[in-house]
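Right, one structure below, let's go through it.
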Amino acid sequence: MKVIIDENKCVGAGQCVLAAADVFDQRDEDGIVVLLNPLPPDDLGAQVEDAALRCPALAIEVVK
Amino acid sequence: MPAMDHIVLVGASAAGLTAADALRLEGFTGTLTMVGEELCPPYDRPPLSKHVLAGTLEPHKTTLRQDADLQRLRMDLKLGRRATHLDPAARTVTLADGDRLDFDGLIIATGLRPRRLPFGRDLAGVHVLRTLDEALTLRAQLLAGPRVVVIGAGFLGTEIAATTRSLGLDVTLVGIEPTPLAGQLGTQVGGLVADMHQENGVRLCMGRSVTDLLGAGGRVSAVVLDDDTLLPADVVVVAIGSVPAVDWLADSGLPLGDGVLCDSTCQVAPGIYAAGDVANWPHPSPANAPAWNNAPTPPNKPSPPPETSSPDPAARNPMHRSRSGGPTNTTPRSSSMAGARPMPASNTSTATHRHASSLRSTTPAAAS
């Protein structure tokens, strides 16, 4: 599983951090997403999918 | 069932946009019209009280869809247009300029409006914060270095206090409960939040309500508390909760009560649905904070096949919430407003908060 984020789309909602805190974080200065792990292990798959689903700006792409 | 050729979405924020996404994703090929009161295309509200107000996030960064993505939805976007009337029988929505839109299906997603104090409305320097315009207007005022009083210590009020303090301003936060965020997090955690604000230099007036706003030369000059304390102020931000934006539906005959009353699938009447903060739908969870999570349909993933999906949307998403806490509680939230007393924001938080970012932003350090 590979995770791709688009910082330009990100609005800093923080939904991804709630869904998958091991994979996503937010920059302190503006809240924009920080990708902690672009290749998360399979057991985080459901969390990552949930994060992509919740992103209001559609800034997360999950490639399997 | 009549043909569903034209669906009108009233409301151009998160819920309206999510509904449009879902309709296209599910294969709706008919005409989609989105009516929005504001001039901006759909944008994200939570950053307004934080990074936008602080000036660390450019306003255009809050846009939820870039132009190309928006065009892909093939919507007739009517921005800067306000819906003023709904006739469910004739299936028409009337706009403020007299235009009438016929629809086969309607989605009501008009969200919330900030509650205001019953006094001081004509005074310059008194603000609410719900829209991008309001955030930018407030920010412009903050640049002059005013003394700021924030009324209401829920999520929005504490965020605004933290952000304005991070700009180096003299800030007082007034709340009716014993601690900030008492309604949302309880007084124990609220006490920690209070400590943090005080360490950061925010003056707290908790357990107090506001009885008047004084003005001089047409501009606010002071906030009067119920113990006759006078707080000098050049800018006052009122963050005492919000009410569903249903005024335009008053004579529609639709069931109203703390929003538009709908069933667990968000249906209000045949072909008429409500979505987002304006929708009051039965849900067993007592969670109260308006949130992204109640957008009714996943934006970027097909629904599960019927045999695997629960008929109860709440069951599919444990973070769904209802403001009312259940079908029996339909009391308008404004009914509990006692005169001018700032309300605890347990039911009335103005912004659509994401908890992670909300919590971290209650500290000026994080909001700077």
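Chain identifiers are assigned alphabetically (A, B, ...) following the order of the sequence lines, protein sequences preceding nucleic acid strands; residue numbering begins at 1 within each chain.
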In Å, rounded to the nearest 0.5 Å, how long is the span from CG of A:Leu58 to CG of B:Asp21?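 One finds 5.5 Å between CG of A:Leu58 and CG of B:Asp21.
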Could you give the distance from CG (A:Asn8) to CD (B:Gln66), rounded to the nearest 0.5 Å?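 With rounding to 0.5 Å, CG (A:Asn8) is 6.0 Å from CD (B:Gln66).
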Minimum heavy-atom separation for A:Val11 and B:Thr62, please, with both atom names.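 So the minimum-distance heavy-atom pair works out to CG1-O, 3.6 Å.
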Shortest non-hydrogen contact from B:Lys61 toward A:Ile32: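 In this case the closest contact between B:Lys61 and A:Ile32 is CE-CD1, 4.2 Å.
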Backbone N/O of A:Glu29 and side chain of B:Thr56: donor-acceptor pair under 3.5 Å: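 Yes; at least one donor-acceptor contact below 3.5 Å.
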Would you call A:Lys9 and B:Asp69 a salt bridge, using N to O less than 4.0 angstrom?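 So A:Lys9 pairs with B:Asp69 through a salt bridge.
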Given a strict heavy-atom distance threshold of 4.5 Å, which part of A:Glu61 is in contact with chain B: side chain, backbone, both, or neither?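 Nothing of A:Glu61, per the 4.5 Å heavy-atom cut-off to chain B.
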